[in-house]
Q: 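One structure, pasted below without further comment.
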2 protein chains.
Amino acid sequence: MPDGNPKKPSRIQTRNRSVILDAALEVFSRHGYRGATLDQIATEAGLSKPNILYYFEGKEDIHVTLLSKLMETWLDPLVALQSDGDPAEEILGYVQRKLDMARDLPRESRLFAGEILQGAPRMGPHLETDLRPLFDEKCALIQGWVDTGRLPPLDPQHLIFSIWSATQHYADFDAQVKVLLGQGSDPHKRASAHLRSMFGNMLRI
Amino acid sequence: MPDGNPKKPSRIQTRNRSVILDAALEVFSRHGYRGATLDQIATEAGLSKPNILYYFEGKEDIHVTLLSKLMETWLDPLVALQSDGDPAEEILGYVQRKLDMARDLPRESRLFAGEILQGAPRMGPHLETDLRPLFDEKCALIQGWVDTGRLPPLDPQHLIFSIWSATQHYADFDAQVKVLLGQGSDPHKRASAHLRSMFGNMLRI
DNA sequence: TCGTGTATTTACCAAATGGTAAAATTTCAC
DNA sequence: GTGAAATTTTACCATTTGGTAAATACACGA
């Protein structure tokens, strides 16, 4: 049994757990938790169903593991929002990082979106524990910039919401975006320019 | 059989179909298509499962009916975006209508979001047929305002995406928003002020 | 009130799905 | 190479779930 005990995992274990999680990310992000089946995940992973249940306790275990690992990655860009340089450029850099992330990790974005959309049934605690403190910290940072006149008056909480929604939109609503944009010139570049303009305007004193 | 034939529906039919659709909206929007069960919908509607299958051909029929009816409602605010008054105020009015809609019809917003998130498997055609033409028309309208100098240079397509994402975020990611805002002063009002400021800034010449 | 079409319930079914037991196979330290 | 442990497969099972058939109850115009 690979789980529970403190022994270090074998090479096979490490590889297979990672293969399974990647397959599960693919399937869960496309069909949602309920819509995904263990058979689909098994096929995608190139393993048999009982075999994946050898590495994970069950469907929910896979999903939760995925969400936990994802949370780190997901918060990275926000963690990187520091009080180093020019406030406006700091925030615009954050916007850019989030947008790049939506392009590079669309499956992760959709997995997250699906979970929240359904009321975060398997992630509620994580939100309180991991996201909330970081969110509060960065809101305070931005509020500080406002208070010291380095940014115009604005609402840090809703600013962050706008950044999240505007950037993740391109991953989460990809199906719609594709239909509406047709095949135009480098959508990512145009989105980036638009967002830089929009948020840039609002951050200018 | 209530379906297919051209007879006008009885009072009971009208009432029950509407009761079922409302229950289905509740269940589908909370759990997604696959996550929802006919039993849940039946319970929510106060009817038996075979009874709802007397009014609809099956689970998918209910879902598709729901999405079709929703599409109208959903596009209304965009239809109302006309070339009447001041361009900036027209667009800000649209933002406000969309935000109000996210507050008043969160279930509809989540149903729509869930469908798009999964690649619009049951709504692809509708997007091309209903949404695309309207989107193109309104983009042209906005582009016209830009070309005649009544709006600063901006990207109409991505502007609309930003409006959609920023407003619907409050309905679709409600679970997250609730956790992060705690209980503050009238979130809707603050969101409204923030969005008016953000988009107002960008629309000013 | 009677009879006919409408509406609802009861009793099912087949497929899908998450999961398990145990046998068979492979890996690897010695 | 050998044996024990890890890994994988085969053969299942119980539950859930979308859906159906047929019997029953009901509404309502004549």
Side-chain angles (χ1 to χ4, degrees), chain A residues 1-28 30-67 114 118 121-122, chain B residues 1-28 30-67 114 118 121-122:
Chain A
M1 275 171 246
D3 22 58
N5 59 18
K7 275 192 228 144
K8 66 178 169 187
S10 73
R11 263 173 305 161
I12 292 180
Q13 268 184 51
T14 316
R15 179 176 51 83
N16 279 356
R17 274 185 72 99
S18 140
V19 163
I20 292 168
L21 285 176
D22 189 67
L25 175 59
E26 184 70 30
V27 177
F28 278 132
R30 267 217 240 289
H31 306 286
Y33 179 75
R34 250 326 269 304
T37 71
L38 286 178
D39 290 280
Q40 277 177 293
I41 296 173
T43 301
E44 182 81 25
L47 299 172
S48 67
K49 182 168 63 173
N51 203 176
I52 50 178
L53 289 168
Y54 173 74
Y55 290 101
F56 290 91
E57 285 178 23
K59 187 182 180 181
E60 183 157 345
D61 183 27
I62 301 178
H63 195 246
V64 169
T65 303
L66 218 41
L67 286 171
Q118 304 197 349
R122 278 165 285 276
Chain B
M1 275 170 242
D3 24 57
N5 59 16
K7 274 192 225 142
K8 67 178 171 187
S10 72
R11 264 173 304 162
I12 292 179
Q13 267 184 52
T14 317
R15 180 176 51 84
N16 277 357
R17 274 185 72 97
S18 141
V19 163
I20 291 168
L21 285 176
D22 189 69
L25 174 59
E26 184 71 28
V27 178
F28 278 132
R30 266 217 243 288
H31 305 286
Y33 179 75
R34 251 323 270 304
T37 71
L38 287 179
D39 289 280
Q40 275 177 295
I41 296 173
T43 302
E44 182 81 24
L47 299 172
S48 68
K49 182 169 62 174
N51 204 176
I52 31 181
L53 290 169
Y54 174 74
Y55 290 101
F56 290 91
E57 284 178 24
K59 188 182 180 181
E60 184 157 344
D61 183 27
I62 302 177
H63 195 246
V64 169
T65 303
L66 219 41
L67 285 172
Q118 304 197 349
R122 279 164 286 277

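Sequence lines set the chain letters: A, B, ... in the order given, protein chains first and strands last, and positions in each chain run from 1.
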Q: Testing the basics here: between B:Ile20 and B:Leu47, what is the closest heavy-atom pair and its distance to 0.1 Å?
A: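 Closest approach of B:Ile20 to B:Leu47: CG1-CD1, 3.7 Å.
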Q: Could you work out, with side-chain contact (heavy atoms from CB on, under 4.5 Å) as the rule, every residue matching B:Pro121, not counting sequence neighbours?
A: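 B:Glu115, B:Gln118.
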Q: At less than 4.0 Å, is any side-chain N or O atom of B:Asn16 found next to OP1 or OP2 of C:dT6? Yes or no.
A: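 Checking C:dT6 against B:Asn16, no side-chain N or O comes under 4.0 Å of OP1 or OP2.
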Q: Figure out the CD/P separation between A:Glu57 and C:dG19, and round it to whole Å.
A: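 It works out to 10 Å between those atoms.
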Q: To check you understand the geometry: which heavy-atom pair defines the closest contact between A:Leu38 and A:Lys49, and what is its length?
A: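 What the structure gives for the nearest pair is CB-CD, 3.8 Å.
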Q: Could you give me the CA-CA distance, side-chain angles and deciding distance for B:Arg34 and A:Thr37, then say whether side-chain contact (heavy atoms from CB on, under 4.5 Å) is met?
A: CA-CA 11 Å; B:Arg34 251 323 270 304; A:Thr37 71; 4.0 Å; yes
Q: Identify the heavy atoms of A:Ala23 and A:Ile41 that sit nearest to each other, and give their distance.
A: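 Looking at all heavy atoms of both residues, the closest pair is CB-O, 3.7 Å.
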Q: Would you mind reading off the distance between A:Glu60 atom CD and C:dG19 atom C1', rounded to a whole angstrom?
A: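 In whole Å, C:dG19 C1' lies 14 Å from A:Glu60 CD.
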Q: Do you know the tightest heavy-atom contact between B:Val27 and B:Ala36?
A: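 Taking every non-hydrogen atom into account, CG1-CB, 3.5 Å.
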Q: B:Tyr54 has an atom OH; how far is it from atom C1' of D:dA23, in whole Å?
A: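 Interatomic distance, OH of B:Tyr54 to C1' of D:dA23: 15 Å.
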Q: Tell me the interatomic distance from A:Arg17, atom CZ, to D:dT7, atom P, rounded to whole angstroms.
A: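 Atom CZ in A:Arg17 sits about 12 Å away from atom P in D:dT7.
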Q: Name all residues meeting the side-chain contact (heavy atoms from CB on, under 4.5 Å) criterion together with B:Thr65; count only those two or more places apart in sequence or in a different chain, and write none if there are none.
A: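 Here the qualifying residues are B:Arg17, B:Leu21, B:Phe56, B:Asp61, B:Lys69.
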Q: To the nearest Å, give me how far apart NZ (A:Lys59) and C1' (D:dT15) are.
A: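 In whole Å, D:dT15 C1' lies 14 Å from A:Lys59 NZ.
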Q: How many Å lie between CG on B:Leu53 and P on C:dT9, as a whole number?
A: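 Taking CG of B:Leu53 and P of C:dT9, I get 13 Å after rounding.
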Q: With sequence neighbours left out, what residues match A:Asp22 under side-chain contact (heavy atoms from CB on, under 4.5 Å)?
A: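 Scan of A:Asp22 (side-chain contact (heavy atoms from CB on, under 4.5 Å), adjacent residues dropped) gives A:Arg107.
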Q: My understanding is that only residues two or more places apart in sequence, or in another chain, count here; which of them pass ring-ring contact (aromatic ring centres under 6.0 Å, His included) with B:His63?
A: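 Once residues adjacent in sequence are excluded, the partners of B:His63 under the ring-ring contact (aromatic ring centres under 6.0 Å, His included) criterion are B:Phe28, B:Tyr33.
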Q: Tabulated below should be each protein N or O lying under 3.5 Å from an N or O of nucleotides 26-30 of chain C; please produce it.
A:
| residue | atom | partner | partner atom | Å |
| --- | --- | --- | --- | --- |
| C:dC28 | OP1 | A:Arg11 | NH2 | 3.4 |

Q: Would you jot down, in residue-number order, the residues of residues 34-52 of chain B having a non-hydrogen atom under 4.0 Å from DNA chain D?
A: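 Those residues whose heavy atoms fall under 4.0 Å from DNA chain D, taken from residues 34-52 of chain B in numerical order, are B:Ala36, B:Thr37, B:Leu38, B:Lys49, B:Pro50.
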Q: Measuring to OP1 and OP2 of D:dT7, would you say a side-chain N or O of A:Gln13 lies under 4.0 angstrom away?
A: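 Yes.
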